[in-house]
Trainee: 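Shown below is the structure under consideration.
The sequence lines fix the lettering, A, B, ..., with proteins before strands; numbering per chain opens at 1.
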Amino acid sequence: MGCALNPTKNSNMPAFLSKLWTLVEETHTNEFFTWSQNGQSFLVLDEQRFVKEILPKYFKHNNMASFVRQLNMYGFCKVLHIGSGIVKQERDGPVEFQHSYFKQGQDDLLENTKSKVSSSKPEENKILGLKA
Amino acid sequence: MGCALNPTKNSNMPAFLSKLWTLVEETHTNEFFTWSQNGQSFLVLDEQRFVKEILPKYFKHNNMASFVRQLNMYGFCKVLHIGSGIVKQERDGPVEFQHSYFKQGQDDLLENTKSKVSSSKPEENKILGLKA
Amino acid sequence: MGCALNPTKNSNMPAFLSKLWTLVEETHTNEFFTWSQNGQSFLVLDEQRFVKEILPKYFKHNNMASFVRQLNMYGFCKVLHIGSGIVKQERDGPVEFQHSYFKQGQDDLLENTKSKVSSSKPEENKILGLKA
DNA sequence: AACGTTCTAGAATATTCGTTG
DNA sequence: GCAACGAATATTCTAGAACGT
(Lines give C-alpha, C1' and ligand atoms only; values in the text may rest on other atoms or scores of the structure.)
Protein backbone atom coordinates (compact mmCIF):
# COMPACT_ATOMS: atom_id res chain seq x y z
CA MET A 1 0.00 0.00 0.00
CA GLY A 2 1.03 3.58 -0.21
CA CYS A 3 3.57 3.64 2.50
CA ALA A 4 6.51 5.76 3.46
CA LEU A 5 4.58 8.97 3.52
CA ASN A 6 6.33 12.27 3.45
CA PRO A 7 4.97 14.97 5.64
CA THR A 8 4.86 17.94 3.33
CA LYS A 9 2.08 16.65 1.24
CA ASN A 10 0.61 13.46 2.51
CA SER A 11 1.31 11.64 -0.68
CA ASN A 12 3.80 9.13 -1.85
CA MET A 13 5.63 11.61 -4.00
CA PRO A 14 9.32 10.77 -4.44
CA ALA A 15 11.50 12.37 -1.84
CA PHE A 16 13.44 14.32 -4.42
CA LEU A 17 10.42 16.23 -5.60
CA SER A 18 9.11 17.12 -2.19
CA LYS A 19 12.58 18.17 -1.15
CA LEU A 20 13.00 20.29 -4.24
CA TRP A 21 9.67 21.94 -3.64
CA THR A 22 10.53 22.63 -0.02
CA LEU A 23 13.87 24.03 -1.06
CA VAL A 24 12.58 26.47 -3.59
CA GLU A 25 9.78 27.60 -1.31
CA GLU A 26 12.17 28.37 1.54
CA THR A 27 12.29 32.10 1.81
CA HIS A 28 15.48 32.46 3.79
CA THR A 29 17.53 31.01 0.94
CA ASN A 30 15.92 33.09 -1.78
CA GLU A 31 19.12 35.01 -2.05
CA PHE A 32 20.75 32.18 -3.96
CA PHE A 33 18.00 29.63 -4.65
CA THR A 34 14.59 30.79 -5.74
CA TRP A 35 11.80 30.81 -8.26
CA SER A 36 12.45 32.82 -11.38
CA GLN A 37 10.59 36.06 -11.74
CA ASN A 38 7.65 34.60 -13.61
CA GLY A 39 7.56 31.47 -11.50
CA GLN A 40 8.01 29.19 -14.49
CA SER A 41 11.44 27.92 -13.44
CA PHE A 42 13.89 28.07 -10.58
CA LEU A 43 17.32 29.61 -10.31
CA VAL A 44 20.56 28.71 -8.61
CA LEU A 45 22.07 32.14 -8.24
CA ASP A 46 25.09 31.15 -6.20
CA GLU A 47 26.13 27.64 -7.00
CA GLN A 48 28.86 27.54 -4.38
CA ARG A 49 26.59 28.47 -1.52
CA PHE A 50 23.89 26.18 -2.85
CA VAL A 51 26.25 23.24 -2.95
CA LYS A 52 27.81 23.90 0.42
CA GLU A 53 24.84 25.06 2.45
CA ILE A 54 21.73 23.51 0.98
CA LEU A 55 22.53 20.23 -0.71
CA PRO A 56 23.99 18.44 2.31
CA LYS A 57 21.01 19.43 4.42
CA TYR A 58 18.59 17.67 2.16
CA PHE A 59 20.59 15.05 0.30
CA LYS A 60 23.32 12.57 1.01
CA HIS A 61 25.82 14.37 -1.14
CA ASN A 62 27.08 17.83 -1.94
CA ASN A 63 27.66 17.59 -5.66
CA MET A 64 25.94 19.80 -8.15
CA ALA A 65 26.25 17.02 -10.73
CA SER A 66 24.22 14.63 -8.61
CA PHE A 67 21.54 17.23 -8.12
CA VAL A 68 21.38 17.86 -11.86
CA ARG A 69 21.22 14.12 -12.54
CA GLN A 70 18.13 13.91 -10.38
CA LEU A 71 16.58 16.88 -12.11
CA ASN A 72 17.09 15.21 -15.45
CA MET A 73 15.72 11.94 -14.10
CA TYR A 74 12.48 13.73 -13.31
CA GLY A 75 12.31 15.48 -16.63
CA PHE A 76 13.65 18.91 -15.72
CA CYS A 77 15.56 20.72 -18.43
CA LYS A 78 18.21 23.31 -18.15
CA VAL A 79 17.22 26.72 -19.44
CA LEU A 80 20.00 27.83 -21.74
CA HIS A 81 21.34 31.33 -21.56
CA ILE A 82 22.69 32.25 -24.94
CA GLY A 83 24.78 35.24 -25.69
CA SER A 84 25.27 36.04 -22.06
CA GLY A 85 28.94 36.73 -22.45
CA ILE A 86 31.51 37.34 -25.09
CA VAL A 87 34.48 35.23 -24.22
CA LYS A 88 32.73 32.76 -22.04
CA GLN A 89 30.39 34.05 -19.48
CA GLU A 90 30.82 37.31 -17.67
CA ARG A 91 30.98 35.42 -14.43
CA ASP A 92 29.14 32.27 -13.74
CA GLY A 93 25.69 32.84 -15.00
CA PRO A 94 22.84 31.55 -12.88
CA VAL A 95 21.80 27.96 -13.36
CA GLU A 96 18.17 27.67 -14.33
CA PHE A 97 15.96 24.59 -14.62
CA GLN A 98 12.42 24.17 -15.78
CA HIS A 99 9.70 21.54 -15.79
CA SER A 100 6.23 21.91 -17.21
CA TYR A 101 4.68 20.65 -13.99
CA PHE A 102 6.91 22.47 -11.57
CA LYS A 103 5.68 26.02 -11.28
CA GLN A 104 5.29 28.49 -8.48
CA GLY A 105 1.88 28.36 -6.88
CA GLN A 106 0.91 25.14 -8.60
CA ASP A 107 1.93 22.40 -6.25
CA ASP A 108 -1.03 20.41 -7.52
CA LEU A 109 0.74 19.83 -10.82
CA LEU A 110 3.63 18.27 -9.02
CA GLU A 111 1.47 15.58 -7.54
CA ASN A 112 1.93 12.87 -10.10
CA THR A 113 5.24 13.72 -11.64
CA LYS A 114 7.13 10.52 -12.20
CA SER A 115 10.72 9.55 -12.60
CA LYS A 116 11.76 8.37 -16.00
CA VAL A 117 12.82 5.03 -14.62
CA SER A 118 10.47 4.51 -11.73
CA SER A 119 7.66 2.35 -13.02
CA SER A 120 7.85 -1.01 -14.70
CA LYS A 121 5.74 0.21 -17.59
CA PRO A 122 8.25 2.18 -19.62
CA GLU A 123 5.77 3.92 -21.85
CA GLU A 124 4.11 5.53 -18.88
CA ASN A 125 7.34 6.97 -17.62
CA LYS A 126 8.51 9.15 -20.39
CA ILE A 127 6.90 12.14 -19.03
CA LEU A 128 4.67 12.33 -16.17
CA GLY A 129 1.75 13.80 -14.52
CA LEU A 130 -1.96 13.23 -14.89
CA LYS A 131 -3.25 16.71 -14.38
CA ALA A 132 -2.18 17.66 -17.88
CA MET B 1 -0.61 5.05 34.89
CA GLY B 2 -2.44 8.25 34.27
CA CYS B 3 -5.85 8.59 32.74
CA ALA B 4 -5.32 7.35 29.23
CA LEU B 5 -7.35 4.40 28.12
CA ASN B 6 -5.41 1.25 27.76
CA PRO B 7 -7.03 -1.19 25.37
CA THR B 8 -5.20 -4.19 26.66
CA LYS B 9 -6.07 -7.58 27.96
CA ASN B 10 -9.77 -7.22 27.31
CA SER B 11 -9.97 -8.13 23.68
CA ASN B 12 -8.46 -10.42 21.13
CA MET B 13 -6.17 -7.69 19.99
CA PRO B 14 -2.68 -8.94 19.12
CA ALA B 15 -0.18 -8.39 21.87
CA PHE B 16 1.98 -6.24 19.68
CA LEU B 17 -0.70 -3.61 19.20
CA SER B 18 -1.71 -3.35 22.82
CA LYS B 19 1.92 -3.17 23.85
CA LEU B 20 2.59 -0.47 21.30
CA TRP B 21 -0.38 1.49 22.56
CA THR B 22 0.77 1.15 26.14
CA LEU B 23 4.26 2.20 25.17
CA VAL B 24 3.28 5.35 23.42
CA GLU B 25 0.85 6.32 26.16
CA GLU B 26 3.46 5.95 28.87
CA THR B 27 4.23 9.44 30.03
CA HIS B 28 7.55 8.78 31.71
CA THR B 29 9.15 7.75 28.42
CA ASN B 30 7.83 10.65 26.41
CA GLU B 31 11.31 12.02 26.31
CA PHE B 32 12.29 9.52 23.63
CA PHE B 33 9.10 7.71 22.64
CA THR B 34 5.89 9.63 22.17
CA TRP B 35 3.00 10.71 20.01
CA SER B 36 3.82 13.30 17.40
CA GLN B 37 2.52 16.79 17.97
CA ASN B 38 -0.71 16.30 16.08
CA GLY B 39 -1.22 12.80 17.40
CA GLN B 40 -1.32 11.28 13.93
CA SER B 41 1.89 9.30 14.32
CA PHE B 42 4.45 8.33 16.91
CA LEU B 43 8.11 9.21 17.25
CA VAL B 44 11.21 7.41 18.38
CA LEU B 45 13.30 10.37 19.41
CA ASP B 46 16.28 8.45 20.75
CA GLU B 47 16.63 5.13 19.04
CA GLN B 48 19.52 3.95 21.17
CA ARG B 49 17.68 4.50 24.43
CA PHE B 50 14.49 3.09 22.96
CA VAL B 51 16.24 -0.09 21.90
CA LYS B 52 18.09 -0.58 25.16
CA GLU B 53 15.57 0.60 27.71
CA ILE B 54 12.12 0.03 26.29
CA LEU B 55 12.14 -2.83 23.83
CA PRO B 56 13.39 -5.54 26.19
CA LYS B 57 10.77 -4.55 28.76
CA TYR B 58 7.94 -5.28 26.37
CA PHE B 59 9.32 -7.74 23.88
CA LYS B 60 11.64 -10.70 23.75
CA HIS B 61 14.30 -8.82 21.91
CA ASN B 62 16.11 -5.52 21.74
CA ASN B 63 16.46 -5.06 18.01
CA MET B 64 15.05 -2.08 16.19
CA ALA B 65 14.81 -4.23 13.08
CA SER B 66 12.42 -6.66 14.76
CA PHE B 67 10.29 -3.82 16.01
CA VAL B 68 10.11 -2.30 12.55
CA ARG B 69 9.27 -5.69 11.05
CA GLN B 70 6.27 -5.92 13.33
CA LEU B 71 5.19 -2.38 12.49
CA ASN B 72 5.25 -3.21 8.82
CA MET B 73 3.39 -6.46 9.45
CA TYR B 74 0.55 -4.45 10.95
CA GLY B 75 0.51 -1.91 8.18
CA PHE B 76 2.40 0.94 9.78
CA CYS B 77 4.40 3.12 7.42
CA LYS B 78 7.49 5.14 8.02
CA VAL B 79 7.07 8.87 7.69
CA LEU B 80 9.83 10.33 5.56
CA HIS B 81 11.73 13.37 6.72
CA ILE B 82 12.65 16.02 4.23
CA GLY B 83 15.78 17.20 5.97
CA SER B 84 17.62 13.90 6.13
CA GLY B 85 20.79 14.81 4.35
CA ILE B 86 24.39 14.06 5.05
CA VAL B 87 24.79 12.44 8.41
CA LYS B 88 25.69 14.74 11.20
CA GLN B 89 27.79 13.35 13.98
CA GLU B 90 25.63 15.11 16.51
CA ARG B 91 22.11 13.80 16.37
CA ASP B 92 19.92 11.58 14.29
CA GLY B 93 16.58 12.57 13.03
CA PRO B 94 13.69 10.90 14.80
CA VAL B 95 12.10 7.72 13.50
CA GLU B 96 8.43 8.24 12.81
CA PHE B 97 5.69 5.73 11.98
CA GLN B 98 2.08 6.17 11.09
CA HIS B 99 -1.04 4.05 10.72
CA SER B 100 -4.46 5.31 9.74
CA TYR B 101 -6.04 3.52 12.69
CA PHE B 102 -3.39 4.32 15.25
CA LYS B 103 -3.99 7.81 16.48
CA GLN B 104 -3.82 9.55 19.79
CA GLY B 105 -7.13 9.55 21.61
CA GLN B 106 -8.71 7.03 19.25
CA ASP B 107 -8.04 3.69 20.79
CA ASP B 108 -11.36 2.51 19.37
CA LEU B 109 -9.91 2.49 15.87
CA LEU B 110 -7.22 0.14 16.98
CA GLU B 111 -9.63 -2.54 18.04
CA ASN B 112 -9.73 -4.65 14.93
CA THR B 113 -6.46 -3.88 13.28
CA LYS B 114 -5.11 -7.07 11.84
CA SER B 115 -1.76 -8.38 10.82
CA LYS B 116 -1.13 -8.67 7.13
CA VAL B 117 -0.45 -12.37 7.41
CA SER B 118 -2.89 -13.44 10.05
CA SER B 119 -5.81 -14.53 7.95
CA SER B 120 -5.76 -16.92 5.04
CA LYS B 121 -7.73 -14.55 2.83
CA PRO B 122 -5.13 -12.10 1.61
CA GLU B 123 -7.54 -9.43 0.47
CA GLU B 124 -8.91 -9.04 3.96
CA ASN B 125 -5.49 -8.43 5.40
CA LYS B 126 -4.29 -5.57 3.36
CA ILE B 127 -5.61 -3.10 5.71
CA LEU B 128 -7.66 -3.75 8.63
CA GLY B 129 -10.06 -2.41 11.06
CA LEU B 130 -13.84 -2.34 10.99
CA LYS B 131 -14.63 0.85 12.81
CA ALA B 132 -13.61 2.96 9.89
CA MET C 1 48.42 1.98 8.65
CA GLY C 2 50.02 -1.27 9.61
CA CYS C 3 51.12 -3.92 7.23
CA ALA C 4 47.84 -5.34 6.04
CA LEU C 5 47.22 -5.24 2.35
CA ASN C 6 44.50 -2.92 1.27
CA PRO C 7 42.95 -3.96 -2.00
CA THR C 8 41.53 -0.58 -2.80
CA LYS C 9 41.70 1.87 -5.62
CA ASN C 10 43.57 -0.45 -7.95
CA SER C 11 40.77 -2.64 -9.16
CA ASN C 12 37.19 -2.48 -10.19
CA MET C 13 36.08 -3.89 -6.90
CA PRO C 14 32.82 -2.35 -5.64
CA ALA C 15 33.34 0.36 -3.08
CA PHE C 16 31.46 -1.54 -0.44
CA LEU C 17 33.91 -4.43 -0.44
CA SER C 18 37.05 -2.35 -0.35
CA LYS C 19 35.59 -0.22 2.40
CA LEU C 20 34.61 -3.27 4.37
CA TRP C 21 38.09 -4.65 4.00
CA THR C 22 39.66 -1.41 5.11
CA LEU C 23 37.30 -1.24 8.06
CA VAL C 24 38.05 -4.64 9.39
CA GLU C 25 41.78 -4.20 8.89
CA GLU C 26 41.86 -0.95 10.83
CA THR C 27 43.61 -1.71 14.06
CA HIS C 28 42.44 1.24 16.09
CA THR C 29 38.82 0.07 15.92
CA ASN C 30 39.53 -3.54 16.78
CA GLU C 31 37.90 -2.94 20.12
CA PHE C 32 34.47 -3.09 18.55
CA PHE C 33 34.98 -4.11 14.91
CA THR C 34 37.43 -6.83 14.04
CA TRP C 35 38.19 -10.19 12.51
CA SER C 36 37.03 -13.17 14.53
CA GLN C 37 39.69 -15.20 16.26
CA ASN C 38 40.17 -17.65 13.42
CA GLY C 39 39.88 -14.98 10.75
CA GLN C 40 36.99 -16.71 9.04
CA SER C 41 34.45 -13.98 9.82
CA PHE C 42 34.22 -10.51 11.30
CA LEU C 43 32.59 -9.24 14.43
CA VAL C 44 30.69 -6.15 15.44
CA LEU C 45 31.33 -6.17 19.16
CA ASP C 46 29.65 -2.89 19.98
CA GLU C 47 26.90 -2.14 17.53
CA GLN C 48 26.09 1.27 18.95
CA ARG C 49 29.63 2.54 18.64
CA PHE C 50 30.00 0.92 15.22
CA VAL C 51 26.88 2.63 13.95
CA LYS C 52 27.75 6.04 15.33
CA GLU C 53 31.51 6.17 14.90
CA ILE C 54 32.38 4.01 11.95
CA LEU C 55 29.50 3.82 9.51
CA PRO C 56 29.20 7.55 8.79
CA LYS C 57 32.92 7.77 8.14
CA TYR C 58 32.77 5.25 5.33
CA PHE C 59 29.21 5.39 4.07
CA LYS C 60 26.47 7.92 3.48
CA HIS C 61 24.36 6.66 6.32
CA ASN C 62 24.54 5.50 9.89
CA ASN C 63 22.05 2.68 9.89
CA MET C 64 22.94 -0.85 10.79
CA ALA C 65 20.08 -2.03 8.60
CA SER C 66 21.64 -0.45 5.51
CA PHE C 67 24.97 -2.02 6.31
CA VAL C 68 23.40 -5.44 6.73
CA ARG C 69 21.46 -5.00 3.49
CA GLN C 70 24.74 -4.48 1.67
CA LEU C 71 26.32 -7.49 3.34
CA ASN C 72 23.46 -9.66 2.18
CA MET C 73 23.66 -8.19 -1.31
CA TYR C 74 27.25 -9.38 -1.54
CA GLY C 75 26.46 -12.82 -0.20
CA PHE C 76 27.57 -12.44 3.41
CA CYS C 77 25.65 -14.49 5.93
CA LYS C 78 25.06 -13.86 9.57
CA VAL C 79 26.73 -16.35 11.87
CA LEU C 80 24.12 -17.55 14.31
CA HIS C 81 24.85 -17.67 17.99
CA ILE C 82 22.79 -20.33 19.67
CA GLY C 83 22.20 -20.61 23.35
CA SER C 84 23.61 -17.20 23.99
CA GLY C 85 21.55 -16.48 27.05
CA ILE C 86 19.16 -18.10 29.47
CA VAL C 87 16.83 -15.51 30.87
CA LYS C 88 17.53 -12.75 28.46
CA GLN C 89 21.01 -11.95 27.46
CA GLU C 90 23.81 -11.05 29.74
CA ARG C 91 24.70 -8.32 27.34
CA ASP C 92 24.13 -8.18 23.63
CA GLY C 93 25.84 -10.89 21.73
CA PRO C 94 28.19 -9.71 19.02
CA VAL C 95 27.01 -9.48 15.46
CA GLU C 96 29.02 -11.77 13.22
CA PHE C 97 29.06 -12.11 9.45
CA GLN C 98 30.84 -14.50 7.17
CA HIS C 99 31.61 -14.91 3.48
CA SER C 100 33.55 -17.74 1.92
CA TYR C 101 35.76 -15.29 0.05
CA PHE C 102 36.21 -12.75 2.82
CA LYS C 103 38.86 -14.03 5.16
CA GLN C 104 41.73 -12.52 7.05
CA GLY C 105 44.97 -12.55 5.10
CA GLN C 106 43.30 -13.57 1.85
CA ASP C 107 42.50 -10.35 0.12
CA ASP C 108 43.11 -12.12 -3.16
CA LEU C 109 39.88 -14.04 -2.75
CA LEU C 110 37.98 -10.81 -2.45
CA GLU C 111 39.11 -9.54 -5.82
CA ASN C 112 36.21 -10.69 -7.93
CA THR C 113 33.41 -10.95 -5.44
CA LYS C 114 30.27 -9.69 -7.09
CA SER C 115 27.01 -8.28 -5.95
CA LYS C 116 23.98 -10.49 -6.39
CA VAL C 117 22.40 -7.93 -8.64
CA SER C 118 25.37 -6.42 -10.39
CA SER C 119 25.66 -8.40 -13.58
CA SER C 120 23.01 -8.93 -16.19
CA LYS C 121 23.48 -12.68 -16.17
CA PRO C 122 21.63 -13.84 -13.09
CA GLU C 123 23.17 -17.28 -12.86
CA GLU C 124 26.60 -15.81 -12.48
CA ASN C 125 25.60 -13.66 -9.57
CA LYS C 126 24.41 -16.13 -7.04
CA ILE C 127 27.75 -16.42 -5.52
CA LEU C 128 30.86 -14.96 -6.80
CA GLY C 129 34.56 -14.98 -7.18
CA LEU C 130 36.87 -16.49 -9.74
CA LYS C 131 39.78 -17.54 -7.63
CA ALA C 132 37.92 -20.45 -6.11
C1' DA D 1 -3.46 -21.46 14.25
C1' DA D 2 -1.96 -17.09 15.22
C1' DC D 3 1.63 -14.43 16.55
C1' DG D 4 6.60 -13.20 17.33
C1' DT D 5 11.62 -13.04 16.10
C1' DT D 6 15.22 -13.38 12.87
C1' DC D 7 17.65 -13.30 8.55
C1' DT D 8 17.47 -12.35 3.76
C1' DA D 9 15.51 -10.39 -0.36
C1' DG D 10 12.46 -7.28 -3.41
C1' DA D 11 11.62 -2.94 -5.08
C1' DA D 12 11.96 1.93 -5.54
C1' DT D 13 14.69 5.86 -5.26
C1' DA D 14 19.33 8.03 -4.82
C1' DT D 15 24.31 8.75 -5.96
C1' DT D 16 28.19 8.19 -8.83
C1' DC D 17 30.68 7.76 -12.99
C1' DG D 18 31.21 7.64 -17.67
C1' DT D 19 29.15 8.01 -22.32
C1' DT D 20 26.24 9.85 -25.97
C1' DG D 21 24.64 12.99 -29.15
C1' DG E 1 31.93 21.78 -25.02
C1' DC E 2 28.08 20.29 -22.59
C1' DA E 3 23.25 18.87 -21.51
C1' DA E 4 21.08 14.61 -21.11
C1' DC E 5 21.31 9.86 -20.45
C1' DG E 6 22.75 4.66 -19.27
C1' DA E 7 24.28 1.78 -16.05
C1' DA E 8 26.29 0.18 -11.73
C1' DT E 9 26.27 0.62 -6.96
C1' DA E 10 24.17 2.51 -2.65
C1' DT E 11 20.39 3.60 0.58
C1' DT E 12 15.84 3.06 2.18
C1' DC E 13 11.55 0.92 3.24
C1' DT E 14 8.80 -3.15 3.12
C1' DA E 15 8.03 -8.04 2.55
C1' DG E 16 9.14 -13.21 2.24
C1' DA E 17 10.46 -17.16 4.52
C1' DA E 18 11.80 -20.13 8.19
C1' DC E 19 11.34 -21.34 12.66
C1' DG E 20 9.74 -21.20 17.47
C1' DT E 21 6.18 -20.57 20.99
Trainee: In degrees rounded to 10°, what angle is found between the helical axes fit to the five outermost pairs at each end of the helix from D:dA2-E:dT21 to D:dG21-E:dC2?
Mentor: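 Answer rounded to 10°: the end axes differ by 30°.
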Trainee: Ring-plane angle category for B:Phe102 and B:Phe76, please: parallel below 30°, perpendicular beyond 60°, tilted otherwise.
Mentor: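 Taking B:Phe76 first and then B:Phe102, their aromatic rings stand perpendicular (interplane angle over 60°).
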Trainee: Rounded to whole angstrom units, what separation is found between the CG atom of B:Asn72 and the C1' atom of D:dA11?
Mentor: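 Interatomic distance, CG of B:Asn72 to C1' of D:dA11: 14 Å.
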Trainee: Flag the pair C:Gln40 / C:Gln104 as yes when at least one side-chain heavy-atom distance between them is below 4.5 Å, and no otherwise.
Mentor: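 No; the side chains remain at least 4.5 Å from each other.
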Trainee: Taking DNA chain D as the partner, which of residues 37-53 of chain B come within under 4.0 angstrom of it by heavy atom?
Mentor: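 The stretch gives none, as no residue of it lies under 4.0 Å from the strand.
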Trainee: Checking A:Glu25 now: which residues fulfil salt bridge (charged side-chain N to carboxylate O under 4.0 Å, His left out) with it, not counting sequence neighbours?
Mentor: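 Partners of A:Glu25 under the salt bridge (charged side-chain N to carboxylate O under 4.0 Å, His left out) test: none.
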Trainee: Can you list everything that forms a ring pair (Phe, Tyr, Trp, His ring centres under 6.0 Å) with A:Phe97? Sequence neighbours excluded, please.
Mentor: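 Result, ring pair (Phe, Tyr, Trp, His ring centres under 6.0 Å) vs A:Phe97: none returned.
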Trainee: Nearest-Å distance, CG (C:Leu20) to P (E:dT11)?
Mentor: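 Distance, rounded to whole Å: 13 Å.
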Trainee: Could you check whether C:Phe16 and C:Trp21 have their ring centres less than 6.0 Å apart?
Mentor: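 That pair fails the under 6.0 Å test.
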Trainee: Using heavy atoms and a sub-4.0 Å distance, could you list which residues of residues 54-71 of chain A are near DNA chain E? By number, please.
Mentor: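 Close to the strand are A:Lys60, A:Arg69.
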Trainee: Applying side chain to side chain donor-acceptor pair (under 3.5 Å) as the test, list every pair that has at least one member in residues 54-68 of chain A; sequence neighbours left out.
Mentor: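 Listed by first then second residue: A:Glu26-A:Tyr58.
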Trainee: E:dA8 C1' sits how many Å from C:Lys116 NZ, rounded?
Mentor: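 So the NZ-C1' distance, C:Lys116 to E:dA8, works out to 18 Å.
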Trainee: Compare side-chain N and O positions of C:Lys78 against OP1 and OP2 of D:dT6 and report whether any pair is under 4.0 Å apart.
Mentor: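 False: C:Lys78 side-chain N/O out of range (4.0 Å or more) of D:dT6 OP1/OP2.
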Trainee: Could you tell me whether the phosphate oxygens of D:dG4, OP1 or OP2, come under 4.0 Å of any side-chain nitrogen or oxygen in B:Tyr74?
Mentor: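 B:Tyr74 to D:dG4 OP1/OP2: side-chain N or O found under 4.0 Å.
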Trainee: Please assess C:Met64 against C:Val44 for the test side chain to side chain contact (heavy atoms under 4.5 Å, CB included), listing each intermediate value before the final yes or no.
Mentor: CA-CA 10 Å; C:Met64 189 64 180; C:Val44 182; 4.3 Å; yes
Trainee: Measure from the ring center of B:Phe32 to the ring center of B:Phe50 and say whether it is less than 6.0 Å.
Mentor: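 No, too far apart.
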Trainee: Nearest heavy atom decides the nucleotide; on that basis, is C:Phe97 or A:Met73 closer to the 5' end of DNA chain D?
Mentor: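 Final value for this comparison: C:Phe97.
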